[in-house]
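Worth knowing before you read on, the calculation uses all heavy atoms, side chains too, and leaves out hydrogens, waters and symmetry mates.
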Amino acid sequence: MLLFVAFLLGLSIGSFANAWSFRYDTGRSIVTPSACMACRRHLRWFELVPVLSFVFLRGRCDTCRAPISFQYPLVELIAGAMFVAIAAKYVAALEYAPALIAAIFWSIALALSVYDFRTKIIPNGGVYTLALVALAAYPEHFIAGPLLALPLAAFWYFSGGKWMGFGDAKLELGLGWFLGLSLGLSGLLVAFWLGAFVGVLLIIVSRIMNRYSFSLKTELPFGPFLAIGAFLAWFFQFD
């Protein structure tokens, strides 16, 4: 029952992360009513139920029939699974304070990853909030943040931003403060392996299908890989 409640809470957080990723830096408040991206009709309550609304509407607006981005249910399900993992790790052992900190931290990391995936930008406001949460919770990890962020900052500086964005270094700063040096390094290595695997896979698929133009020069947002690698290292204690 506890894990089911965590899953439902995660679905709601995922819905919020979606709304934030589409509205950030657009002038629209996160609390304004949700609307169809195509016809701008305000959505009714039954069109806002995480995952189920997407299935019920068959992925299309009920009015104009414009397709609804598959990002919505995907992010909601990821957030649901993430909250189940947090609950399994902490709440069952009655460690409520670490569970709350982890829920806040990983929710922000998820929202930043979604935004980076959409725009290839990691916004300062979100990444600084993530870093402050991590540092406030685990000040003993202070040295880990700069040490883990330094290689990414060097990649950004010496490549003129071609290999890495500076936002990735700032994201790694917060991840390092949250995980510590050992787990943070493991998460960083997992992120690079995941990024390389996905990059190669996209190139292969592009060549086979002859429909896409992925190559070694194609820019991929690295923030999601950093977040995924860090989460896996944190949850499974890869150190």
Check your understanding: Which residues pass the side-chain hydrogen bond (donor to acceptor under 3.5 Å, both in side chains) test with Thr63, sequence neighbours left out?
Key -> Arg41

Exercise for review: Measure across Pro50 and Ser15 and return the closest heavy-atom pair with its distance rounded to 0.1 Å.
Suggested key: CG-CB, 4.3 Å

Review point. Which heavy-atom pair separates Ala87 from Leu3 by the least distance, and what is that distance?
Key: CB-CD2, 3.9 Å

Point to revise | Verify same cluster id: Leu43, Tyr72 (apolar side-chain graph, 4.5 Å) | key: no

Review point. Can you name the residues that form a ring pair (Phe, Tyr, Trp, His ring centres under 6.0 Å) with Phe54, not counting sequence neighbours?
Key: Phe70

Check your understanding: Just checking, is any N or O donor in the side chain of Ser12 or Glu76 under 3.5 Å from an acceptor N or O on the other one?
Key -> no

Review point. With sequence neighbours left out, what residues match Thr119 under side-chain contact (heavy atoms from CB on, under 4.5 Å)?
Key: Tyr115, Ile121

Check your understanding: By side-chain contact (heavy atoms from CB on, under 4.5 Å), which residues pair with Leu179, not counting sequence neighbours?
Key -> Trp106, Leu183, Ala230, Ala233, Trp234

Exercise for review: Would you check, one step at a time, whether the test side chain to side chain contact (heavy atoms under 4.5 Å, CB included) holds for Leu135 with His141?
Suggested key: CA-CA 7 Å; Leu135 186 59; His141 294 165; over 6 Å; no

Practice item. Give a yes or no answer on whether the side chain of Arg118 reaches the backbone of Val114 with a donor-acceptor pair at less than 3.5 Å. Key: no

Practice item. Among residues two or more places apart or on two chains, list those pairs meeting ring pair (Phe, Tyr, Trp, His ring centres under 6.0 Å) that have a residue in residues 183-207. Key: Phe192-Phe222

Practice item. With sequence neighbours excluded, give me every side chain to side chain donor-acceptor pair (under 3.5 Å) pair touching residues 155-172. Key: Asn124-Lys170

